[in-house]
K.L.:
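To start, I am sharing the structure in question, which I have written as structure tokens.
Here, residue 1 is the first one in the sequence, and each next residue gets the next number.
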Amino acid sequence: IKEAATLSGAAGAISERIGLATAATNHHTRHPMVTASYAMTMHHLTGGRFSLGLGRGIDRVGKAFGLPPVTTSQMEDFVSIMRRVWAGEGVLGHHGAAGSYPALAIRGLEPAHIPMTLTAFGPNSLALGGRCFDAVVLHTFFADETTARAVETVRAALGDDCAGSNDERLR
């Protein structure tokens, strides 16, 4: 019972005020259009209360599924793809770290800003969260000093460009 799309859809259907987010969905286990459509559906279903949360996952689990380890550049590229698709842009001939796709688009809906959250632990992920995401989820068992270091790493990356982004909010 860990399927994020099903659980968030159920929570969104029976609630009216709470914010909903996936904590650490993996970007590389679904096609980008499946993820983009899921998030756009949740955005509209909940009146804008949804945030798409991503995480790197566990390398050993990915390897068992036949997936290579997730890189920072893959995640950064994926964020850019999502933001462009949700803004109503057709992404044509994309060749980047997240993959190669001839055409990605959602048509017939108003463009939307869907917040994106990153579950992050290490310095590269924390900096990525500061550069490209709207929020960062930290581990609940961090010591106070570790939490302070993590927050500083995220804050230090604020204002840095998210590679490939055309989202002015990130600049």
K.L.:
Are Tyr101 and His31 close enough, and set up right, to give a ring pair (Phe, Tyr, Trp, His ring centres under 6.0 Å), and what steps lead you there?
P.N.:
CA-CA 10 Å; Tyr101 305 101; His31 190 279; 5.2 Å; yes
K.L.:
Set out, in order, the CA-CA distance, both residues' side-chain angles and the distance that settles side chain to side chain contact (heavy atoms under 4.5 Å, CB included) for Ile114 and Met82, then state yes or no.
P.N.:
CA-CA 9 Å; Ile114 300 172; Met82 291 299 101; over 6 Å; no
K.L.:
Measure the shortest side-chain to side-chain distance between Arg131 and Glu76 over non-hydrogen atoms and say whether it is less than 4.5 angstrom.
P.N.:
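Yes, close enough: below the 4.5 Å cut-off.
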K.L.:
For Thr25 and Tyr38, test the side chains for any donor-to-acceptor distance below 3.5 angstrom and give the result as yes or no.
P.N.:
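Result is no, nothing qualifies.
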K.L.:
Could you give the distance from CE (Met75) to CG (Asn26), rounded to the nearest 0.5 Å?
P.N.:
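Between Met75 CE and Asn26 CG, I get 8.0 Å after rounding to 0.5 Å.
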K.L.:
Between Ile81 and Val79, is there a shared hydrophobic cluster once you connect ILVMFWY residues whose side-chain heavy atoms come closer than 4.5 Å?
P.N.:
yes
K.L.:
Could you pull out the closest heavy-atom pair between Trp86 and Ala36, with the gap in Å?
P.N.:
NE1-O, 3.2 Å
K.L.:
Return yes if some donor-acceptor pair links the side-chain N/O of Ser15 with the main-chain N/O of Ala11 below 3.5 Å, else return no.
P.N.:
yes
K.L.:
Which atoms form the tightest heavy-atom contact between Pro69 and Asp59, and what is the distance?
P.N.:
CB-OD1, 3.6 Å
K.L.:
Given side chains that start at C-beta, do those of His113 and Arg83 come closer than 4.5 Å, heavy atoms only?
P.N.:
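Yes; the side chains approach each other to less than 4.5 Å.
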K.L.:
What is the ring orientation for His139 with Phe142, classed by angle as parallel under 30°, tilted 30 to 60°, or perpendicular over 60°?
P.N.:
parallel
K.L.:
Going by heavy atoms in the side chains, are Ile106 and Met33 under 4.5 Å from each other?
P.N.:
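Counting from C-beta outward, Ile106 and Met33 do come under 4.5 Å.
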K.L.:
If hydrophobic clusters are built by linking Ile, Leu, Val, Met, Phe, Trp and Tyr wherever their side-chain heavy atoms come under 4.5 Å apart, do Val137 and Phe78 end up in the same one?
P.N.:
no
K.L.:
Determine the minimum heavy-atom distance between Leu45 and Gly9, stating which atoms define it.
P.N.:
CD2-O, 4.0 Å
K.L.:
Hey, does the side chain of Glu3 reach the backbone of Ala5 with a donor-acceptor pair shorter than 3.5 angstrom?
P.N.:
yes
K.L.:
Please answer whether the main-chain N or O of Gly88 pairs with a side-chain N or O of Arg107 as donor and acceptor at a distance below 3.5 Å.
P.N.:
yes
K.L.:
Is the shortest heavy-atom distance from the side chain of Phe133 to the side chain of Val154 under 4.5 Å?
P.N.:
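No. Closest side-chain heavy atoms not under 4.5 Å.
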K.L.:
Between CG of Leu54 and NE2 of His27, what distance do you get to the nearest 0.5 Å?
P.N.:
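Going from CG on Leu54 over to NE2 on His27, the span is 8.0 Å.
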K.L.:
Within a strict 4.5 Å, meaning less than it, do heavy atoms of the Thr22 and Leu52 side chains meet?
P.N.:
yes
K.L.:
Kindly give the heavy-atom pair with the smallest separation between His28 and Val70, and that separation in Å.
P.N.:
CE1-CG2, 3.3 Å
K.L.:
List the atom of Val136, the atom of Ala120, and the distance in Å for their closest heavy-atom pair.
P.N.:
CG1-CB, 4.0 Å
K.L.:
Flag yes if more than 12 heavy atoms outside Leu7 fall under 6.0 Å of its CG atom; otherwise flag no.
P.N.:
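Counting other residues, nucleotides and ligands, CG of Leu7 exceeds 12 neighbours.
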K.L.:
Let me know which of Asn124, Thr72, Thr119 forms a side chain to side chain donor-acceptor pair (under 3.5 Å) with Arg56.
P.N.:
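So the option named by the test is Thr72.
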K.L.:
Return the CZ to CG distance between Arg149 and Leu126, rounded to the nearest 0.5 Å.
P.N.:
10.5 Å
K.L.:
If you take all heavy atoms of His43 and Ala112, which pair is closest and at what distance?
P.N.:
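Between these two residues, the closest heavy atoms are NE2-CB, 3.5 Å.
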K.L.:
Given the rule that I, L, V, M, F, W and Y join up when any side-chain heavy atoms are under 4.5 Å apart, are Leu104 and Leu109 in one cluster?
P.N.:
yes
K.L.:
With distance as the sole test, does Arg49 use its side chain to make a donor-acceptor pair with the main-chain N or O of Leu20 at under 3.5 Å?
P.N.:
no
K.L.:
For the residue pair Leu138 and Thr146, establish whether any side-chain heavy-atom pair is separated by less than 4.5 Å.
P.N.:
no
K.L.:
Has Asp134 got a side-chain atom pairing as donor or acceptor with Met116's backbone, closer than 3.5 angstrom?
P.N.:
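Pair found, side chain donor or acceptor close to backbone of Met116.
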